[in-house]
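Quick notes on the structure that follows.
The structure displayed is predicted, hence computed values, not measured ones.
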Protein chains: 4
Amino acid sequence: MIIELDMQSELPIYTQLINQIIEGIASGKLLPGEALPSVRSMASDIGINLHTVNKAYNQLKQEDYIHVHRQKGVVVNPNGMPEVDEHFTARQLQQLRPVIAEAILRGMSQDELIDMVESIYKDIKA
Amino acid sequence: MIIELDMQSELPIYTQLINQIIEGIASGKLLPGEALPSVRSMASDIGINLHTVNKAYNQLKQEDYIHVHRQKGVVVNPNGMPEVDEHFTARQLQQLRPVIAEAILRGMSQDELIDMVESIYKDIKA
Amino acid sequence: MIIELDMQSELPIYTQLINQIIEGIASGKLLPGEALPSVRSMASDIGINLHTVNKAYNQLKQEDYIHVHRQKGVVVNPNGMPEVDEHFTARQLQQLRPVIAEAILRGMSQDELIDMVESIYKDIKA
Amino acid sequence: MIIELDMQSELPIYTQLINQIIEGIASGKLLPGEALPSVRSMASDIGINLHTVNKAYNQLKQEDYIHVHRQKGVVVNPNGMPEVDEHFTARQLQQLRPVIAEAILRGMSQDELIDMVESIYKDIKA
DNA sequence: GTGGTCTAGACCACT
DNA sequence: GTGGTCTAGACCACC
């Protein structure tokens with residue numbers, strides 16, 4: 001699992017880290033039950049502070065995507081991922097809406113937009 | 001054009017303002033050439049700081065969605081909206097990708113995701 | 001609102017802080033909509049680090065007990081408190097069970113235990 | 001006596017072990033004078049570290065719930081359990097208070113709370 | 001060696 | 001001035 005961070009990005013590092021791990025799980029590169037690097041090794045691997053890694057891990061734990069054992073370290077939730085729920089749908093809608101609005105504003109047709117979504121979907125899943 | 005802000009939201013107010021105006025244009029509620037309230041009146045209307053409105057307007061101007069004249073005030077770009085360009089596509093991809101990844105992780109099928117996008121698209125356009 | 005912390009306690013400081021604030025709300029000493037001290041002033045008031053206060057505030061925010069505005073500071077949730085839900089009941093059960101077990105082991109009768117609970121209940125509410 | 005540990009839990013394993021044994025005694029499944037598995041066999045039975053079992057036993061011994069003989073092994077205190085004392089009441093109060101406060105905050109009535117306590121009491125005793 | 005907690009000090013975004 | 005983020009370094013509990 002290779003993590004790529006953009007230190008110049010406006011996105012907080014811990015958010016980028018969360019996104020990368022989520023994508024890793026979504027794409028199947030990280031399997032349920034699989035171990036993730038310890039906060040310390042992950043931090044030194046990618047050259048950031050361990051607290052930043054910790055924050056990312058904690059947020060992922062909160063969503064029940066990973067489990068954090070005090071001693072054994074961190075693993076992808078072995079029982080698989082939580083389903084779509086109300087809370088998630090609301091968040092998703094809130095994130096999607098402005099992006100779609102701006103696409104419409106710039107004249108993208110519904111089909112073009114769907115093509116884009118499909119291509120990203122396939123790209124991640126592949 | 002009614003602006004609705006959620007002061008509880010973690011989204012910065014200026015971002016919410018930008019989103020609302022973009023959606024206004026996308027939905028046709030704001031037409032090219034149409035005037036927007038001045039920084040001052042917008043600020044007092046919705047009870048926020050001048051700087052906040054200013055920041056939103058400046059960002060919209062930078063994307064060429066609106067024109068700001070020192071005298072004539074603020075108007076939706078009368079020449080219509082800019083097309084989809086490389087810069088926009090890149091930004092869109094960066095925003096869409098994590099949302100789609102998380103949807104996959106939670107087991108949404110491509111069709112379910114597209115349904116969601118379609119329904120938002122139609123909701124804005126309507 | 002006076003906060004009392006025991007720096008010797010085995011309970012983490014941020015947990016004690018959370019408990020105190022919860023009790024403040026439960027007892028009516030803190031009312032919905034009422035402002036809490038900023039992380040910085042709270043931290044310096046009680047002589048701890050601002051990150052520790054931050055952690056407590058964030059956890060309270062997570063449970064929807066308080067709202068954190070980026071600029072305006074922190075307020076008790078003006079819409080009132082969330083109801084009892086499944087998640088809370090489970091947590092409560094998990095905390096209560098060992099305490100009650102040990103009470104039984106030491107020979108407390110059900111009535112004695114209930115008396116104790118009642119007296120604490122009244123003490124907080126008063 | 002079956003011990004069930006949740007390795008995912010944020011409760012330390014030794015604490016879970018203590019709780020289980022206390023509940024075993026409280027419920028009458030473990031009787032005064034009854035033998036408990038040796039540190040070694042307990043550890044290998046449930047697949048945890050020796051030190052962890054040791055720590056649990058030591059803490060139980062300190063509360064005078066069990067006796068640890070170098071040769072004869074570990075037994076539930078044959079003289080019966082210690083009564084409620086000041087130290088215990090103080091500890092109990094400290095644990096109960098935050099739970100009750102949060103229950104009040106979420107709008108539980110005193111009767112609802114007592115019902116919950118009663119049902120747990122009966123569940124353990126049964 | 002693992003994560004959890006706490007401190008300290010810095011810079012930034014937002015209003 | 002507010003919270004958000006990041007870094008750095010330390011000690012502790014657990015196993």
Intra- and inter-strand pairing of DNA chain E, written as dot-bracket with Watson-Crick and G-U pairs under 3.5 Å and | for the latter, reads ||||||||||||||.
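Without hydrogens or angle criteria, C/Q59 side chain to C/I18 main chain gives no donor-acceptor distance under 3.5 Å.
In summary, A/R97 and A/E102 do not engage in a salt bridge, as defined by a charged side-chain N under 4.0 Å from a carboxylate O. Look at C/R91 and C/E63 and you find a salt bridge, because one of the NZ, NE, NH1 or NH2 atoms lies within 4.0 Å of a carboxylate O, short of that distance. One finds no salt bridge joining C/K29 and C/E34 here, because no Lys/Arg side-chain nitrogen approaches an Asp/Glu carboxylate oxygen to under 4.0 Å.
By the 4.5 Å heavy-atom criterion applied to side chains, A/I66 and A/Y57 are counted as neighbours.
At a threshold of 4.0 angstrom between heavy atoms, the contacts of C/K72 with the nucleic acid are absent.
Looking at C/S41 and C/S44, their side chains never bring a donor and an acceptor atom within 3.5 Å of each other.
For the segment residues 41-54 of chain D, the set of residues with a heavy atom within less than 4.0 Å of an atom of DNA chain E is empty. Interface residues of residues 6-15 of chain C facing DNA chain E, ordered by number: C/P12, C/I13, C/Y14; criterion, heavy-atom separation under 4.0 Å.
In this structure, CG on B/N19 lies 6.5 Å from CG on B/L11, to the nearest 0.5 angstrom.
Taking the six-membered ring for Trp and thresholds of 30 and 60 degrees, B/H69 and B/H67 have ring planes more than 60 degrees apart, a perpendicular arrangement.
In this entry the distance linking CG of A/N58 with C1' of E/dG3 reads 9 Å, nearest Å.
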